[in-house]
Asks: 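First the structure, which I've put down as structure tokens, then a few questions once you've had a look.
As a basis for the values below, the full set of heavy atoms in this structure was taken, side chains included, without hydrogen atoms, waters or symmetry mates. One is the number of the first residue; the rest follow in order along the sequence. We count ligands from 1, going down the list as the structure has it; atoms in each ligand are counted the same way.
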Amino acid sequence: MIFSHTQISQYLRCPRSYRYKYLDGWQEKETHAAMAFGRSFEKALGAYFLEEDPAAALFKEWGAYRDTPFEYKKADTWDRMVHQGVHLLQKFAQDDRVQIPQPNKDLQVKLMRSLPGDNEFVAYIDALGKLDGIPCVIDWKTTTSRYPEEPAGLLALDPQLICYSWISGIPDVGVVAFVRKQQPGIQYLRATISEEQRREYGRLVESTVDRIKAGEFISHSGIRFPQNGCVSCAHLGLCLNNQPLIDANLIRRAGASDLDWLDDIVE
Ligand code: SF4
């Protein structure tokens, strides 16, 4: 079987939700504009590093969703998002803090790692390059809220970045967060992942895979204020046996786990 960080983190959040998605095939419908916009924006960044026109790439990619009936957050509209995107791309070029010397091979890099028992782990890394001159694994994020920067060192606890460091063997990691607010801005964040953190992540993956293979899918409901894990869970309709909620949020597909690597591309 092939595992990914998305699968491991979904299992750790709620094993029942993992079973619904990866074994029973209940996939979340794409109803939110932000996810599709994030994918389009990443294609535009790829165009920038390939010395093509990033704004044209954004219009082309995001243009494919112009008439899609997405749910837009607050004041967001298709037009507002594309204008914010173009502004952020211009600012990113002016800042010139990120270099990807070999964009043809160092964008959307697929890395595989063998796990015990004939299993494998796959990750798609957004970019391998330099942030402020320091070689690192780079993750792009499009978001509407700024990443917390305090207390110092917080970013080094991000499990996805620890995963990228573990699979690549590269200690330095960076996040470039494109923040779509009233005044769009870019955060350039860096952290160093220790050898011990990488070892620990490897152990976490192996023990989680063992529990999945043993068929342990006990629910971890999180419905106790202020935690609301169930309220934001796509599978809530299944747990509540609420057909309208199921119809609104989910679509059932056979062989869902075969397509899991797609989740890692879009994250
Ligand atoms: S609704 Fe709660 S218990 Fe049910 S799958 Fe989601 S997180 Fe788990």
Asks: Does a side chain donor of either Glu28 or Asn249 reach within less than 3.5 Å of an acceptor in the other side chain?
Replies: no
Asks: Which residues satisfy the side chain to side chain donor-acceptor pair (under 3.5 Å) test with Asp106, sequence neighbours excluded?
Replies: none
Asks: Are any non-hydrogen side-chain atoms of Phe41 and Leu89 less than 4.5 angstrom apart?
Replies: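 They are in contact (side-chain heavy atoms under 4.5 Å apart), so the answer is yes.
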Asks: Hey, could you give me each pair passing ring pair (Phe, Tyr, Trp, His ring centres under 6.0 Å) that has a residue in residues 228-251? Not counting sequence neighbours.
Replies: Tyr20-His235
Asks: Which residues, ordered by chain and number, are linked to Leu240 in its hydrophobic cluster, where ILVMFWY side chains connect at heavy-atom gaps below 4.5 Å, directly or through other members?
Replies: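 Same cluster as Leu240: Leu236, Leu245.
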Asks: Can you count the protein N, O or S atoms that lie less than 2.8 Å from atom 6 (Fe) of ligand 1?
Replies: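 Every protein N, O or S atom under 2.8 Å from atom 6 (Fe) of ligand 1 counted, the figure is 1.
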Asks: What orientation do Tyr201 and Phe121 show, parallel under 30°, tilted 30 to 60°, or perpendicular over 60°?
Replies: perpendicular
